[in-house]
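These notes are about the structure you will find just below.
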Amino acid sequence: MDANSAILSCRDVWKIYGGDPAGFLKKHGGKPSAAAARADGYIVAVGGVSLEVCPGEILVVMGLSGSGKSTLVRCLSRLVEPTSGAVFFEGRDLLQASAKELTELRRHRMGMVFQHFALLPHRTVLQNVAFPLEVQGAERKERETRAGEMLQLVGLAGRENYYPRELSGGQQQRVGIARSLAVKPDLWFLDEPFSALDPLIRREMQDEFLRLQAMLKKTIVFITHDFDEAIRLADRIAIMFEGEIVQIGEPEEIVLHPRTDYVREFVKDVSRDKIVTVGSVMIPNGGGDSDGDDGSGGDAVTVRAEEKLAAAAGKILAGEGAARVTDEGGKAVGTVSREAVLSVLFGGGENTRAQP
Ligand SMILES: Nc1ncnc2c1ncn2[C@@H]1O[C@H](COP(=O)(O)OP(=O)(O)OP(=O)(O)O)[C@@H](O)[C@H]1O
Ligand SMILES: [Mg+2]
């Protein structure tokens, strides 16, 4: 992806806490080491992060507690003022925007669901969802109609006149989600929106979220520290460690080629076969040492490149030699060996393809 097609991007963003963060940053040429920060008593919450988010993409930011996820995402909406760096929304530098412009942007273009979401306890569900529209100055009828639609969307029709305390945790979180969607944001920031929920409800909420996204096609930055959640939801995952993004890529890429021990630790319990596609472990035609022959026998099993290994493994392993791989149009694009499949299914799996 190139920076021009991004709806949101940032360049070398730093957020440092301490006595004189700007002075400290300057003293170290804009790139202080972690050791220097420790020695001088500064906390580098975000350390030189650059990234791009494409329209319609779900970018999941993950990392351990304290790795800087919330701070980074708040820098992207300038709820937290970065110590240095640049943030662009639709090509416009947010750090140069006036307070008034920022407020407008946040009110009309951005939706946020916070880690510790807060519903207004003395307002009904409907009034809570309508609240951002009230702030925008919308007429009562208009905002209540829209709030009703949003509640319908998140499956809470009929609960309009309840108070938050009368709802379960999951239902309250849905109200928070409906509220953040009420202004029809183009950019949707969600900071661990499901972390307070028990696992079953959490999975339901993830399904619900994917269903919503299939309809709404928002551009989303979603924070979680749960890798399973990341894999279910993400188009791309950015993994943070001590304020830096140590790896960013598609889930499959991260699972197959974790770049550091920290990332490897996250991916070690993931069932690879549900993520990895046949295409990513095949030997492309012309890529092996064959001279035109695709290496599979004439009656070889055929699988599709975009199939997940979980679905294709049975067929491949039941066959004799390597299986033929075809693209969506049925054209032969490569072969996949039984060894490559076994290697992904039973560990290793990182060396089945040359590193890019
Ligand atoms: N206002 C602040 N003043 C000082 N330090 C802060 C402040 N806000 C955040 N930090 C520090 O910055 C670091 C990153 O915090 P942040 O909240 O971004 O982490 P996180 O990855 O979101 O963690 P969690 O998963 O627990 O929410 C932490 O060390 C935190 O203590
Ligand atoms: Mg956080």
Side-chain angles (χ1 to χ4, degrees), residues 8 10 12-25 28 31-51 53 58-85 87 94-95 106 110-118 169 172-173 176-177 180 187-199 202 205-206 209 220-234 236-248 254 260-263 265-267 269:
L8 178 73
C10 69
D12 201 26
V13 165
W14 290 78
K15 179 63 191 180
I16 298 175
Y17 289 104
D20 173 20
F24 169 74
L25 200 55
H28 292 276
K31 299 203 178 309
S33 66
R38 262 195 303 276
D40 288 8
Y42 286 89
I43 292 170
V44 179
V46 175
V49 167
S50 301
L51 58 78
V53 192
I58 304 182
L59 176 71
V60 170
V61 178
M62 62 168 306
L64 296 178
S65 183
S67 57
K69 305 179 295 296
S70 295
T71 309
L72 171 63
V73 170
R74 281 161 175 261
C75 284
L76 294 178
S77 58
R78 227 182 124 191
L79 281 175
V80 159
E81 193 69 41
T83 310
S84 75
V87 179
L94 280 194
L95 303 192
R106 288 200 203 106
M110 298 178 180
M112 294 176 206
V113 177
F114 293 110
Q115 191 164 5
H116 304 289
F117 62 94
Q172 289 183 33
Q173 194 58 300
I177 286 170
S180 74
L187 247 185
W188 200 14
F189 296 106
L190 298 110
D191 190 348
E192 308 221 23
F194 309 144
S195 57
L197 308 175
D198 65 55
R202 185 169 184 151
M205 292 295 291
Q206 291 165 358
F209 174 78
I220 295 173
V221 182
F222 187 110
I223 302 179
T224 181
H225 57 248
D226 176 359
F227 198 66
D228 285 329
E229 183 163 276
I231 280 175
R232 290 198 76 202
L233 305 182
R236 286 188 305 149
I237 300 176
I239 299 190
M240 291 193 76
F241 177 66
E242 294 187 350
E244 294 178 24
I245 291 182
V246 289
Q247 188 163 1
I248 181 164
I254 288 181
T260 67
D261 288 343
Y262 175 78
V263 179
E265 191 60 28
F266 272 118
V267 305
D269 296 326

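As a basis for the values below, the full set of heavy atoms in this structure was taken, side chains included, without hydrogen atoms, waters or symmetry mates. Whatever order the structure lists ligands and atoms in, that order sets their numbers, starting from 1.
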| query | Is the closest heavy atom of L72 to ligand 1 under 4.0 Å? | reply | no
| request: Show your reasoning for whether side-chain contact (heavy atoms from CB on, under 4.5 Å) applies to M62 and E229. | output: CA-CA 10 Å; M62 62 168 306; E229 183 163 276; over 6 Å; no
| request: Work out whether the distance between some heavy atom of E192 and some atom of ligand 1 is less than 4.0 Å. | output: yes
| said: If the cut-off is 4.0 Å to any non-hydrogen atom of L64, which atoms of ligand 1 fall inside it? | reply: 21 (O)
| query | Would you say S70 has an N, O or S atom lying under 2.8 Å from the Mg ion (ligand 2)? | reply | yes
| query | CD1/I245 to CD1/I237 distance, rounded to the nearest 0.5 angstrom? | reply | 12.0 Å
| query | Between G68 and ligand 1, is there a nitrogen or oxygen pair with a distance under 3.5 Å? | reply | yes
| query | Is the distance between the ring centroids of F194 and F222 under 6.0 Å? | reply | yes
| field | Whether F24 and Y42 hold their rings parallel, tilted or perpendicular, with breakpoints at 30° and 60° | value | parallel
| said: Going by the closest heavy atom to atom 8 (N) of ligand 1, which one wins out of Y42, F241, Y17? | reply: Y17
| message | Given I254, which partner from the list I231, I239, I248 fulfils the side chain to side chain contact (heavy atoms under 4.5 Å, CB included) test? | response | I239
| query | Under a heavy-atom criterion of less than 4.0 Å, does S67 contact ligand 1? | reply | yes
| request: Might you work through the side-chain contact (heavy atoms from CB on, under 4.5 Å) test for K69 and E192, ending with a clear yes or no? | output: CA-CA 10 Å; K69 305 179 295 296; E192 308 221 23; 3.6 Å; yes
| task | Indicate yes or no: at least one non-hydrogen side-chain atom of L76 is less than 4.5 angstrom from one of L8. | result | yes
| query | If you measure from atom 21 (O) of ligand 1 to every heavy atom of K15, K69, M240, which option wins on shortest distance? | reply | K69
| N/O to N/O below 3.5 Å, does that happen between I43 and ligand 1? | no
